[in-house]
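Working notes for the structure below.
Values in this document were obtained by computation on a predicted structure and should not be read as measured data.
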Amino acid sequence: MSVRNFVMVLFGGGLLIGVSGCGLFGLTKGIIKNPKDDYLEARQENPLVVPPGLRDLADTDPFPIPATPTSPNPSFYPNRPPLPDAIYASDNREEVRIQRLGERRWLVLPEPPTTAWPKIKQFLAENGVPIALDAPQDGRLNTGWMQLDAPAYRDVIRSVLKEAKDEEGMMLGQDRFLMRVEQGLRPATTEVHVRHENDSVALPSSDAVVKLNDLRSHIAGAEADMLNEIGAYIAAKVSEQTVSKVALQIGSARKSEIARDEQGYPILRLFLDYERAWATLGQALDNANVEIVNLDRATGTFDVKLTDAVFAGEDAEDQGGGFFCRLTFSCGGSSGAYDLRLQVDIADADGYEVSVLEEGGGARAGAELAQQVLVLLREYAS
């Protein structure tokens, strides 16, 4: 190549770089597009359509990726994506336990409904208890009516049921249990609710049976004993770990979620009645060692004081105590203490929402600080 041709090629390449420079240096037009803001336009794709002849082979993934919720106002973070949520854990996070609120009680399992559902069915099968209603789409399991006068039965369920009836002085009629399996407040947890019925007592209408939370057990001791036995069975790991695909829909009905309002501020949605939502927040604050300065149930407010030690997962009295924080990409903001107000408001007929305000309930707290507080509450709720 001659010197003259080489100079022309070099000069032409310089013009090309100059023309495409807007794309090379971070603008949206040009040969090379800067992809840093592409996540703002990300959308959930349509579900896969499987031909009829191949449907038996479809949906074989036992751990499907959940649907991505639509984030209102995603450009709230214009220069960088929001940081991942911290993952908090307490010493009893992996325990099977019974929660109580007044006369209400339920079992909390440290595993998702997809693995809890087959274990509960296996527990009933091993005790020779028939299942009259099996509706995984609603999370419902009803046992058949059981008679306790048959001498051949010596299973755990009938034994504890007979003891409860003896204590209550109700020896007439047949008995059954109504169960509802639900997603827990924290991800990968399950709640089991149980009601006892005896056919010698007037039964509610079929419409009321569907609404399990509206029912009260005819014998409260039988309900408590049944929850204890289910919890002991699962805690003992008697049943092998299996996954139920038909129970996937149970996990889709969440009891809590972190979302954003129309202005882009974080909120915590609790799909609970007010009594339990209020108690859940109080328990979460206590579990996380957050100081409650004042509370007013009538107005739905908690005035709290937080420190960086709380966000770092450290016990306020003993640094590095019984609580720890893992993967704390969003832990530990600026140093110091934070005086905040948690406001509980009615979201809709299905539940309530919690927002984080500055001291005294004036302006909203900063978005990232509010996100940390709400994630903390959800992870310590139970």
Side-chain angles (χ1 to χ4, degrees), residues 59 62 64 66 96 98-99 101 103-146 155-158 160-161 173-199 201-220 222-231 233-234 239 242-256 271-273 276 349-351:
D59 195 20
V96 175
I98 292 180
Q99 296 286 108
L101 178 60
E103 296 181 355
R104 300 157 61 181
R105 59 175 68 83
W106 59 94
L107 183 67
V108 180
L109 307 176
E111 57 185 82
T114 50
T115 60
W117 180 266
K119 291 181 180 180
I120 296 173
K121 293 184 64 176
Q122 183 66 26
F123 169 72
L124 296 175
E126 291 183 6
N127 285 277
V129 176
I131 297 177
L133 174 64
D134 185 349
Q137 68 277 10
D138 299 320
R140 289 296 305 274
L141 271 175
N142 291 354
T143 72
W145 292 103
M146 294 177 284
D155 59 275
V156 171
I157 295 178
R158 290 177 179 83
V160 298
L161 183 55
Q174 303 179 91
D175 303 88
R176 70 174 180 178
F177 288 102
L178 313 179
M179 303 183 191
R180 186 175 183 91
V181 181
E182 302 176 346
Q183 169 70 44
L185 280 167
R186 296 195 309 268
T189 61
T190 301
E191 293 181 5
V192 182
H193 301 256
V194 172
R195 298 293 183 269
H196 165 264
E197 283 191 341
N198 181 279
D199 64 358
V201 182
L203 299 177
S205 65
S206 58
D207 291 338
V209 172
V210 176
K211 300 178 181 179
L212 190 64
N213 292 334
D214 296 337
L215 299 179
R216 291 293 176 266
S217 291
H218 292 161
I219 301 179
E223 173 188 324
D225 290 342
M226 185 66 166
L227 289 172
N228 280 327
E229 293 301 330
I230 296 174
Y233 179 84
I234 294 180
S239 178
T242 57
V243 176
S244 172
K245 295 180 185 177
V246 297
L248 288 173
Q249 197 167 349
I250 301 175
S252 64
R254 291 174 291 182
K255 273 191 165 62
S256 67
F271 303 104
L272 307 167
D273 58 85
R276 187 175 172 192
D350 295 328

Minimum-distance pair of heavy atoms, taken over all atoms of [X] and [Y]:
| X | Y | result |
| --- | --- | --- |
| Asp225 | Val160 | OD2-O, 3.8 Å |
| Leu178 | Arg140 | CB-NH2, 4.1 Å |
| Leu161 | Ala222 | CD1-CB, 3.8 Å |
| Gln183 | Pro113 | OE1-CD, 3.8 Å |
| Pro130 | Gly128 | CD-O, 3.6 Å |
| Leu109 | Ala116 | CD1-CB, 3.8 Å |

Any heavy-atom pair between the side chains of [Y] and [X] that's under 4.5 Å?
| X | Y | answer |
| --- | --- | --- |
| Leu141 | Asp134 | yes |
| Val129 | Phe177 | no |
| Arg104 | Asp273 | yes |
| Val181 | Thr190 | yes |
| Arg195 | Glu223 | yes |
| Thr189 | Glu111 | no |
| Leu215 | Glu197 | yes |
| Met179 | His193 | no |

Distance in Å, [X] [atom1] paired with [Y] [atom2], rounded so as to fall on 0.5 Å steps:
| X | Y | atom1 | atom2 | result |
| --- | --- | --- | --- | --- |
| Leu107 | Ile98 | CG | CD1 | 6.0 Å |
| Leu227 | Gln99 | CG | CD | 11.5 Å |
| Asn198 | His196 | CG | NE2 | 5.5 Å |
| Asn142 | Ile131 | CG | CD1 | 10.0 Å |
| Met146 | Asp175 | CE | CG | 6.5 Å |
| Ile234 | Thr115 | CD1 | OG1 | 8.0 Å |

Please name all residues satisfying ring pair (Phe, Tyr, Trp, His ring centres under 6.0 Å) with Phe123, sequence neighbours left out, ordered by chain then number.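 Partners of Phe123 under the ring pair (Phe, Tyr, Trp, His ring centres under 6.0 Å) test: Tyr233.
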So that I can tick it off, tell me whether Glu182 and Arg180 are bridged by a salt bridge, with the cut-off set at under 4.0 angstrom between side-chain N and carboxylate O.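 Salt bridge present between Arg180 and Glu182.
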Who pairs with [X] by side-chain hydrogen bond (donor to acceptor under 3.5 Å, both in side chains), at least two apart in sequence or on another chain?
| X | result |
| --- | --- |
| Thr143 | none |
| Asn228 | none |
| Arg276 | Glu191 |

Between the side chain of Asp199 and the main-chain N/O of Gln174, is any donor-acceptor distance below 3.5 Å?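 Yes, the answer is positive, given that a donor and an acceptor are paired below the 3.5 Å cut-off.
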Could you walk me through whether Leu185 and Val108 pass side chain to side chain contact (heavy atoms under 4.5 Å, CB included), step by step? CA-CA 10 Å; Leu185 280 167; Val108 180; over 6 Å; no
